[in-house]
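Here's the structure we're looking at; comments come further down.
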Amino acid sequence: QIHSDLIFVHCAIDGLEVARIHLKDKIRKEAAEVIHFLKQRNIEMTVLSGDRPAIVNAIASQLGPIVATAQAMPQDKEAQVALLQDQGNITAMVGDGLNDAPALKRADIGIAIGTGNAISIASSDIILQHPELTLIKDCLLLSVASRRILRQ
């Protein structure tokens, strides 16, 4: 059972409820920092998740005004990246699951979390060796500095 951003797991023995467990997705503490950093640079973001709408919308609302798509299948994620590219956008995709692999491959820059699925890692251009999202910020700053040096 799902209510807002909570998931309730009911446990029963012989039809009698003996326990109820409440689960809640939690935003990683560094996610807000990275999102703020990207927004300051006018980088638009979209959440593409295979999770249910209630959960995805609750998480997205904690991140500020951000477009969120729930129940996205792998082909939906790839199609969204392709649509953004067709509109002239340069795209980056961050993911760690098997269902992210097609979108990671399609994106101009695919960024895999190194602790994720081997196929998503193989489909990416950048592999973060640690699951710290602040490394995305570091990658962007490093690429800007590298480009400046190349232009010189």
Side-chain angles (χ1 to χ4, degrees), residues 1-2 4-11 21-150:
Q1 175 183 6
I2 296 179
S4 181
D5 61 340
L6 289 175
I7 297 174
F8 298 97
V9 178
H10 301 271
C11 303
I21 302 168
H22 300 219
L23 305 173
K24 181 176 181 176
D25 274 335
K26 182 177 169 186
I27 294 178
R28 296 166 64 156
K29 62 182 178 181
E30 73 270 18
E33 175 189 342
V34 173
I35 288 171
H36 178 71
F37 172 84
L38 296 172
K39 283 183 178 181
Q40 282 183 318
R41 283 150 185 81
N42 295 319
I43 296 173
E44 294 181 29
M45 290 159 280
T46 301
V47 173
L48 301 170
S49 175
D51 286 332
R52 295 180 185 187
I55 294 170
V56 174
N57 292 334
I59 294 293
S61 70
Q62 294 176 50
L63 301 174
I66 191 167
V67 176
T69 300
Q71 295 180 319
M73 302 298 289
Q75 61 273 20
D76 300 329
K77 294 178 182 185
E78 181 182 17
Q80 181 65 34
V81 170
L83 176 65
L84 291 168
Q85 290 171 326
D86 290 345
Q87 295 170 350
N89 296 295
I90 297 172
T91 60
M93 169 72 181
V94 179
D96 64 354
L98 177 62
N99 60 347
D100 296 322
L104 287 166
K105 186 77 171 164
R106 166 73 71 160
D108 296 299
I109 305 164
I111 304 171
I113 308 296
T115 56
N117 181 281
I119 295 175
S120 66
I121 291 170
S123 300
S124 298
D125 303 298
I126 298 171
I127 302 162
L128 303 178
Q129 293 298 312
H130 300 282
E132 297 148 15
L133 297 177
T134 53
L135 292 173
I136 296 167
K137 180 174 86 169
D138 297 341
C139 286
L140 179 62
L141 293 173
L142 182 60
S143 68
V144 168
S146 298
R147 188 169 189 196
R148 189 174 345 157
I149 291 168
L150 288 171

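None of these values were measured; they are calculated from a predicted model.
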I126 to C139 - nearest heavy-atom pair and separation: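 Between these two residues, the closest heavy atoms are CG2-SG, 4.0 Å.
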Nearest heavy-atom neighbours spanning A58 and S61: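 Distance-wise, the nearest heavy atoms are O-OG, 2.8 Å.
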Which residues share a side-chain contact (heavy atoms from CB on, under 4.5 Å) with I21, sequence neighbours left out: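 For I21, the residues satisfying side-chain contact (heavy atoms from CB on, under 4.5 Å) (neighbours in sequence not counted) are V9, C11, L23.
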Non-neighbouring partners of Q75 that pass side-chain contact (heavy atoms from CB on, under 4.5 Å), sequence neighbours left out: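 side-chain contact (heavy atoms from CB on, under 4.5 Å) check on Q75 returns M73.
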Audit row: D138, L135, side chain to side chain contact (heavy atoms under 4.5 Å, CB included) steps and yes/no: CA-CA 5 Å; D138 297 341; L135 292 173; 3.7 Å; yes
Neighbour count >12 (heavy atoms, 6.0 Å) for atom CG, L150: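 Atom CG in L150 is crowded, with more than 12 foreign heavy atoms closer than 6.0 Å.
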All side-chain hydrogen bond (donor to acceptor under 3.5 Å, both in side chains) counterparts of E30, not counting sequence neighbours: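 Only R28 meet the side-chain hydrogen bond (donor to acceptor under 3.5 Å, both in side chains) criterion with E30.
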Residues 92-113, side-chain donor-acceptor partners within the protein, below 3.5 Å, at least two apart:
residue : atom : partner : partner atom : Å
D100    : OD1  : K77     : NZ           : 2.7
D100    : OD2  : D96     : N            : 3.1
D100    : OD2  : G97     : N            : 3.0
D108    : OD2  : T91     : N            : 2.8
D108    : OD2  : T91     : OG1          : 3.2

Expected list for residues 32-48: side-chain donor-acceptor pairs under 3.5 angstrom, two or more places apart:
residue : atom : partner : partner atom : Å
E33     : OE2  : K137    : NZ           : 2.9
H36     : NE2  : Q40     : NE2          : 3.3
K39     : NZ   : L63     : O            : 3.4
K39     : NZ   : P65     : O            : 3.3
R41     : NH1  : F37     : O            : 3.0

Qualifying side-chain hydrogen bond (donor to acceptor under 3.5 Å, both in side chains) pairs, either residue in residues 110-132, two or more places apart: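 The answer is none; no pair qualifies.
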